[in-house]
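Here is the naming used below: chain letters follow the sequence lines, and residue numbers restart at 1 for every chain.
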Number of protein chains: 2
Amino acid sequence: MSRGEETRARILDVAQDSVLAKGFDATSIEEIVANAEITKSGFFYHFRDKNALARALIDRHIEVEKELFDDLLGRARELSDDPLQGALIGLKLLAELIEDMPGGHPGCIVATAAYQDRLFDQDVRDANRRAVLGWRARFRRMFEEIAQVYPMRDDVELEHLADFVSSVVEGGIVMARAVGDPLITSQQVMLLRSYIKLLFEPRIQ
Amino acid sequence: MSRGEETRARILDVAQDSVLAKGFDATSIEEIVANAEITKSGFFYHFRDKNALARALIDRHIEVEKELFDDLLGRARELSDDPLQGALIGLKLLAELIEDMPGGHPGCIVATAAYQDRLFDQDVRDANRRAVLGWRARFRRMFEEIAQVYPMRDDVELEHLADFVSSVVEGGIVMARAVGDPLITSQQVMLLRSYIKLLFEPRIQ
DNA sequence: GACGGTACTGCACCGCCGGTGCGGTTTTTA
DNA sequence: TAAAAACCGCACCGGCGGTGCAGTACCGTC
């Protein structure tokens, strides 16, 4: 990583901390440059404006989360050849991952953007959209594999089910923040797991 | 309603439209006073600062939503004496209500506050917390009534289940906004309904 | 019909923040 | 060693939240 890339990454690091802690517009550029030990001019050398910063944060978030899910679901599939058991293990691991995060899940930058969409330009909204559609495709594949093996106990669209995973995680984060109880998010993920179990798992007799 | 109360309500109306459309801090006070046909001084006569406005918006939101849910669940219970069927009908009505909203659900002001919590003071966060805990109590009672009649097919906490309703709605709103498809929220509510059905409904044989 | 409170208006002003412009300087690379 | 990349320093602009205060229109009460 070159010197410029290092500085850019350092800016993104301190910006992400602040954004997740107190929201995007409560995070001032002056505060970012102070914590990143750079000048305002230096900041605007790397980012055209605050929108470009948001865009870069979301893009990086997509990458990091993709690797995280790849790792998590990969480990889950190693633990079981069965697609349903793999998914259930994956959701359990996800709940544990969220629970172990110090101070709870730091919050999702995608939701932050979704709730202030007029503040961002088309580029940022597109990046946000791509992130969510990426999750949809990923979880849809997961559920399709399960549905090929197990009959469904209720007639629901797999695409909606794929979105359900994201919904519950995002909603769980909102609830955890609103109530001030960081454990809520992982509890909600476990309820999602309960649903997947009831929806696909064959019952004896 | 006195003259002052009318003005105050008019300010809240135009503020709410803007906040739901583009976020709280993207909504300027100058814009609000222009649309409400009042002066800046007039605004600060009714609200000490922007925090007081947020607080008032949330308080009013709690009231309106409480009436909406009372009406909706009341109608659902009229249609069926059975608590489970009442809940399933209620969730269906909720999904239809959300689907019929022009341009999709306008978004939840509570989540807006949750994602910018450092921007607001303790008063606002407390009001937000009360709103969410109110939902928890409401839905918890609903599930307790069901659980007294029907055995549960999976061992989950009723309090977590109560939060699940809010999670799915809030998460569904985030997803709808992020993807740009207003139908998503109601689809997610129907998946929640599917879970409640599988969790409580006795299967024949 | 004078009185006093309520509900404002008008205006000047402050500080913070996002953003611009540009000249100068250091560091890295070819 | 010269050019290109990666900054620094500083002045300045406009928008926005917010303050302060004097003046005024409305409106029910005695």
Side-chain angles (χ1 to χ4, degrees), chain A residues 1-19 21-58 109 112-113 116-125, chain B residues 1-19 21-58 109 112-113 116-125:
Chain A
M1 192 149 61
S2 75
R3 185 183 156 215
E5 283 168 347
E6 267 173 28
T7 305
R8 196 185 138 95
R10 205 170 64 243
I11 295 173
L12 287 176
D13 284 340
V14 303
Q16 181 164 328
D17 285 348
S18 293
V19 169
K22 55 187 185 183
F24 185 72
D25 18 45
T27 301
S28 74
I29 293 178
E30 263 135 35
E31 174 193 344
I32 293 172
V33 305
N35 290 334
E37 285 172 344
I38 206 180
T39 61
K40 213 172 170 182
S41 309
F43 175 87
F44 283 105
Y45 174 79
H46 285 285
F47 302 99
R48 223 181 63 261
D49 51 23
K50 224 186 170 186
N51 259 301
L53 173 69
R55 167 74 197 275
L57 280 173
I58 290 175
I109 211 156
T112 302
Q116 300 171 50
D117 52 356
R118 294 296 164 95
L119 203 70
F120 302 120
D121 60 18
Q122 196 60 44
D123 255 30
V124 175
R125 284 199 293 279
Chain B
M1 196 152 56
S2 75
R3 187 181 154 215
E5 284 169 347
E6 267 173 30
T7 305
R8 198 185 138 94
R10 207 170 63 244
I11 294 173
L12 288 175
D13 284 340
V14 305
Q16 182 165 328
D17 285 348
S18 293
V19 168
K22 55 187 186 184
F24 186 73
D25 18 44
T27 301
S28 74
I29 292 178
E30 265 134 34
E31 175 194 343
I32 293 171
V33 304
N35 290 333
E37 286 172 342
I38 206 181
T39 61
K40 211 173 171 183
S41 309
F43 174 87
F44 284 104
Y45 173 79
H46 286 285
F47 303 98
R48 223 180 63 263
D49 51 25
K50 223 185 170 187
N51 259 303
L53 174 68
R55 168 74 198 275
L57 280 173
I58 290 174
I109 212 155
T112 302
Q116 300 171 50
D117 52 355
R118 294 294 166 95
L119 203 69
F120 301 122
D121 61 18
Q122 196 60 43
D123 255 28
V124 176
R125 285 200 292 280

Pair B:Leu53-B:Leu12, side-chain contact (heavy atoms from CB on, under 4.5 Å): steps then yes or no: CA-CA 8 Å; B:Leu53 174 68; B:Leu12 288 175; 3.9 Å; yes
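- Evaluation of the side-chain hydrogen bond (donor to acceptor under 3.5 Å, both in side chains) test over residues 31-43 of chain A, restricted to residues two or more places apart or in two chains, returns A:Ser18-A:Glu31, A:Lys22-A:Glu31, A:Glu30-A:Lys40.
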Heavy-atom protein contacts under 4.0 Å, nucleotides 9-30 of chain D, coded B base, S sugar-phosphate only, - none: BB-----SBBB-----------
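- Partners of A:Arg8 by salt bridge (Lys or Arg N to Asp or Glu O under 4.0 Å), not counting sequence neighbours: none found.
- Taking the side chain as every heavy atom from C-beta outward, A:Phe47 and A:Ile11 approach each other to under 4.5 Å.
- Listed by first then second residue, pairs satisfying salt bridge (charged side-chain N to carboxylate O under 4.0 Å, His left out) with a partner in residues 43-55 of chain A read A:Arg55-A:Asp59, A:Arg55-A:Asp123, not counting sequence neighbours.
- Note that CD1 of B:Ile58 is 11.0 Å distant from CD of B:Gln16, once rounded to the nearest 0.5 Å.
- Chain B approaches DNA chain C over the interval C:dT6 to C:dC11, counting the first and last nucleotide 5' to 3' with an atom under 4.0 Å from its heavy atoms.
- Using a 4.0 Å cut-off, no side-chain N or O of A:Tyr45 falls inside it from OP1 or OP2 of D:dC7.
- The two residues A:Ile29 and A:Phe44 make their nearest non-hydrogen contact at CD1-CZ, 3.7 Å.
- Residue B:Gly4 is in sugar-phosphate contact alone, with no base atom involved, counting any heavy-atom pair closer than 4.0 Å across all strands shown.
- Checked against side chain to side chain donor-acceptor pair (under 3.5 Å), A:Asp13 has the following partners two or more places apart in sequence or in another chain: A:Arg60.
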